[in-house]
Amino acid sequence: MIPTVIGRGHLIDTDRLSKEEMEELFGRAEYWRTHRQHWHRAYPGHFAANLFFEPSTRTRISFEVAEKKLGMEVLHLDGETSSVVKGESFYDTCRTLSSIGVDVAVVRHRGTGLLAEMAEKETGVTLINAGEGNGGHPTQALLDLFTLRRHFGTLAGLTVVIAGDLLHSRVARSNLWALSAFGARVILSGPDSMRDPSMEEFAPYLPFDEAIRQADAVMMLRVQLERHERELFTSAEDYLNRHGLTSDRLAIMPPHAIIMHPAPVNRGVEIESGLVEHPRSKIFEQMENGVWVRMAILERALQGRNN
Amino acid sequence: MIPTVIGRGHLIDTDRLSKEEMEELFGRAEYWRTHRQHWHRAYPGHFAANLFFEPSTRTRISFEVAEKKLGMEVLHLDGETSSVVKGESFYDTCRTLSSIGVDVAVVRHRGTGLLAEMAEKETGVTLINAGEGNGGHPTQALLDLFTLRRHFGTLAGLTVVIAGDLLHSRVARSNLWALSAFGARVILSGPDSMRDPSMEEFAPYLPFDEAIRQADAVMMLRVQLERHERELFTSAEDYLNRHGLTSDRLAIMPPHAIIMHPAPVNRGVEIESGLVEHPRSKIFEQMENGVWVRMAILERALQGRNN
Amino acid sequence: MIPTVIGRGHLIDTDRLSKEEMEELFGRAEYWRTHRQHWHRAYPGHFAANLFFEPSTRTRISFEVAEKKLGMEVLHLDGETSSVVKGESFYDTCRTLSSIGVDVAVVRHRGTGLLAEMAEKETGVTLINAGEGNGGHPTQALLDLFTLRRHFGTLAGLTVVIAGDLLHSRVARSNLWALSAFGARVILSGPDSMRDPSMEEFAPYLPFDEAIRQADAVMMLRVQLERHERELFTSAEDYLNRHGLTSDRLAIMPPHAIIMHPAPVNRGVEIESGLVEHPRSKIFEQMENGVWVRMAILERALQGRNN
């Protein structure tokens with residue numbers, strides 16, 4: 001959690017960004033949100049390659065929209081098999097991309113630590129982490145913070161409950177580092193079977209009903225249905241009643257507290273379907289903000305190359 | 001078949017378009033056909049998402065060319081599994097697309113009625129039907145009518161034979177509604193096992209040799225080889241001789257009558273191979289016209305959003 | 001090997017290009033390499049379709065970058081099954097592409113002779129061979145020659161060793177024709193089990209250690225691991241020691257001789273890993289040059305259409 005600025009505009013995870021760097025990204029995201037007429041001619045002739053070795057429609061198209069709004073050209077390598085994602089061959093892939101003129105590679109993959117390793121080598125391509133293993137998902141965390149900051153005006157002093165499948169969440173960890181850097185208070189919650197002891201060194205764990213009474217924002221995590229053995233929970237209804245965000249639970253949250261979720265939502269599992277578009281839900285606003293924040297991150301990557 | 005104009009530029013099927021709306025589309029298609037130098041800068045910064053949950057290379061690339069000729073940015077979601085195409089999750093997909101800045105979604109899928117249902121909700125994305133279940137394929141019908149109108153100068157009074165696999169055709173139904181709206185006379189024909197009684201309420205069924213003697217245009221349908229059990233027909237040669245368009249049958253058609261087919265053609269099944277590029281065949285002209293008509297439809301979708 | 005200029009800008013293989021045509025391509029490739037500010041607005045409104053019926057990430061993205069740097073619009077049909085790649089249906093595919101406005105089709109497929117056959121028909125689309133069967137891979141050969149010419153200033157009189165899996169290489173054959181046209185001397189080498197007698201009519205075969213002592217450039221071929229039965233070689237280490245390029249072998253090459261490889265490299269199989277980025281290796285420069293040469297080839301295809 002020691003902020004370490006690494007050069008050339010790579011985005012590995014939020015624990016490597018200083019508060020000042022994140023502030024700068026939020027400023028540029030706000031610029032792109034409010035200056036739509038400047039789109040599209042900002043970075044012509046620059047190439048992004050999207051390498052999605054794990055499927056993720058939403059993150060992929062959010063990046064693609066951000067790239068195209070900046071006027072960048074976009075290549076896809078999502079047809080690749082995961083066999084490519086090994087140290088040596090991934091190094092060769094990066095060198096190849098750089099040789100043919102790719103500036104930025106946006107990478108999602110199952111492994112952990114590969115991007116940090118690669119960023120230290122001189123492959124010539126700037127790397128952006130679009131979700132890595134169970135480890136990190138920094139662009140999601142940054143769009144979450146941008147959404148919180150736009151709503152509350154500040155991040156310092158906010159209490160944010162991160163609740164649900166902490167063990168398999170990429171999002172929770174990146175949010176924890178970033179929120180902590182801004183002096184927000186994180187409370188973890190979720191089923192016992194999904195707790196992650198390594199995160200509890202940095203933030204308290206509380207029972208759900210206790211946690212949400214203190215929340216300015218409740219960030220529900222997606223239950224990774226496909227990653228769980230059946231025994232983890234008996235039914236969607238049972239999970240919702242015991243661990244999900246319901247109207248009853250909304251009623252005990254402070255009246256100003258907002259609902260967040262990284263999407264895609266499992267309606268009726270971690271959140272009651274009717275709450276997804278509740279006036280206090282920011283879920284679709286988060287998606288919109290994802291584009292502005294990713295434009296800022298791509299811009300930082302391109303400018304890191306020119307320095 | 002009651003023309004019902006639905007707002008915001010959605011294109012669900014031809015039975016929801018008035019004759020006047022179709023005329024306007026043909027006018028714009030003719031504009032794009034003849035003003036090629038205006039391409040490419042018409043709608044910059046607008047995003048189309050192509051959601052092809054069923055494979056269809058030809059329709060997909062025809063739309064993609066139309067989108068790019070209008071200067072639009074194009075996203076693909078064809079990697080999605082068909083599990084996404086259920087009411088609730090498709091609603092969330094549309095809301096997501098809208099949140100990240102997509103203007104128009106071009107959708108092909110196996111179900112029926114999903115697009116009509118979604119058009120009534122306020123998802124924020126304008127929908128274009130690129131082939132839905134066995135139900136409708138309005139852009140194909142509109143390009144067929146555009147081709148007929150360019151050739152004959154008018155649609156009123158024409159006799160159009162639609163022949164072949166009526167039961168599994170998306171095209172036949174959309175053409176029937178559209179041709180009827182313009183006062184053209186439709187005759188249905190095809191093997192007994194492929195008749196569709198629900199269409200015969202609106203157009204007569206005649207034996208093939210009798211039908212084509214009266215035709216101004218014969219629209220052959222593709223035999224959906226992959227959808228038929230073997231017993232439906234014994235061999236390609238047998239099908240061609242009994243139900244296909246052959247040189248012998250061309251000889252009994254009126255000398256001015258033209259050949260049409262939505263493609264891809266099964267050469268030697270529903271049409272003799274040598275007739276595909278016969279001087280009286282409009283098959284490749286139909287493909288070309290598909291681009292102009294789809295440009296007009298996309299333009300209508302974008303303008304529907306601005307009103 | 002008789003140079004036969006075929007019209008309309010098709011690129012079938014190097015044996016159909018005259019030395020003068022290749023010189024012209026190299027001149028244009030050099031132009032694109034050195035005039036980067038002219039990119040991107042050269043051929044707007046022109047459409048390329050990339051039809052990769054066999055996977056080839058590197059060649060596909062190299063073409064895609066070249067197309068986009070020329071300002072062309074790019075369609076992908078790589079989702080197609082190989083069943084499409086038969087004479088008649090491929091003809092219909094080309095006619096369809098032409099009808100919807102595609103100018104150039106870049107095709108990789110498993111068969112042999114299909115592109116030459118199709119180029120003779122008037123499909124309306126200009127064809128570029130991006131790797132065909134075991135037969136030819138002319139764009140790779142042209143980028144190899146461009147790299148040699150940039151390094152040595154000339155091609156005439158050079159001795160080029162092409163070594164490795166000659167039997168399954170698309171690259172070897174296209175390079176042999178092109179190098180011979182320029183008066184370079186080709187020496188073939190490789191394991192006995194991978195020799196190709198049909199090439200030895202045109203160039204001598206020598207044992208590896210003997211061949212490389214005479215080389216100005218050693219072009220290592222990729223072992224197509226997936227195409228070989230296990231018995232062809234017992235282990236990667238064994239192959240490297242007996243037939244691969246090692247530091248020991250580099251020491252007996254002339255001190256000015258360079259290392260080339262079409263990539264992707266099997267590190268530790270046909271080449272010692274440490275040699276890939278050796279100062280005398282041109283492997284990543286070849287990749288970069290691939291973009292400039294493909295821009296020249298695409299430009300030739302587009303200009304062939306306008307004549």
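Proteins get letters first, then strands, A, B, ... in listed order; numbering begins at 1 in each.
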What is the distance from atom [atom1] of [X] to atom [atom2] of [Y], rounded to the nearest 0.5 Å?
| X | Y | atom1 | atom2 | answer |
| --- | --- | --- | --- | --- |
| B:Arg60 | C:Leu75 | CZ | CG | 7.5 Å |
| B:Arg58 | C:Thr93 | CZ | OG1 | 5.5 Å |
| C:His76 | B:Ile61 | NE2 | CD1 | 12.0 Å |
| C:Ile100 | B:Phe284 | CD1 | CZ | 12.0 Å |

Response to the item:
When every non-hydrogen atom of C:Asp92 is compared with those of B:Arg267, the smallest separation belongs to OD1-NH2, 2.6 Å
Worksheet item: What heavy-atom pair brings B:Lys69 and C:Gly101 nearest, and what distance separates the two atoms?
Response: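 Here B:Lys69 and C:Gly101 meet closest at NZ-CA, 4.2 Å.
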Worksheet item: Is the number of heavy atoms from other residues, nucleotides or ligands within 6.0 Å of CD (C:Glu23) greater than 12?
Response: yes
Discussion item. Measuring only between side-chain heavy atoms, which start at C-beta, is C:Thr96 closer than 4.5 Å to B:Thr57?
Written reply: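 A side-chain contact under 4.5 Å is absent here.
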Discussion item. Counting only non-hydrogen atoms closer than 4.5 Å, does B:Glu277 touch chain C with its backbone (N, CA, C, O), its side chain (CB onward), both, or neither?
Written reply: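 Side chain only.
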Discussion item. Report which part of B:Val291 has an atom under 4.5 Å of a heavy atom belonging to chain C: side chain, backbone, both, or neither.
Written reply: side chain
Worksheet item: Pick from B:Glu67, B:Glu64, B:Lys68: which one makes a side-chain contact (heavy atoms from CB on, under 4.5 Å) with C:Glu73?
Response: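 So, applying the side-chain contact (heavy atoms from CB on, under 4.5 Å) to C:Glu73 and each of B:Glu67, B:Glu64, B:Lys68, only B:Lys68 qualifies.
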Item to complete: Return the set of residues passing side chain to side chain donor-acceptor pair (under 3.5 Å) with C:Ser56 (not counting sequence neighbours), or none when no residue passes.
Response: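 Partners of C:Ser56 under the side chain to side chain donor-acceptor pair (under 3.5 Å) test: C:Thr59, C:Arg108.
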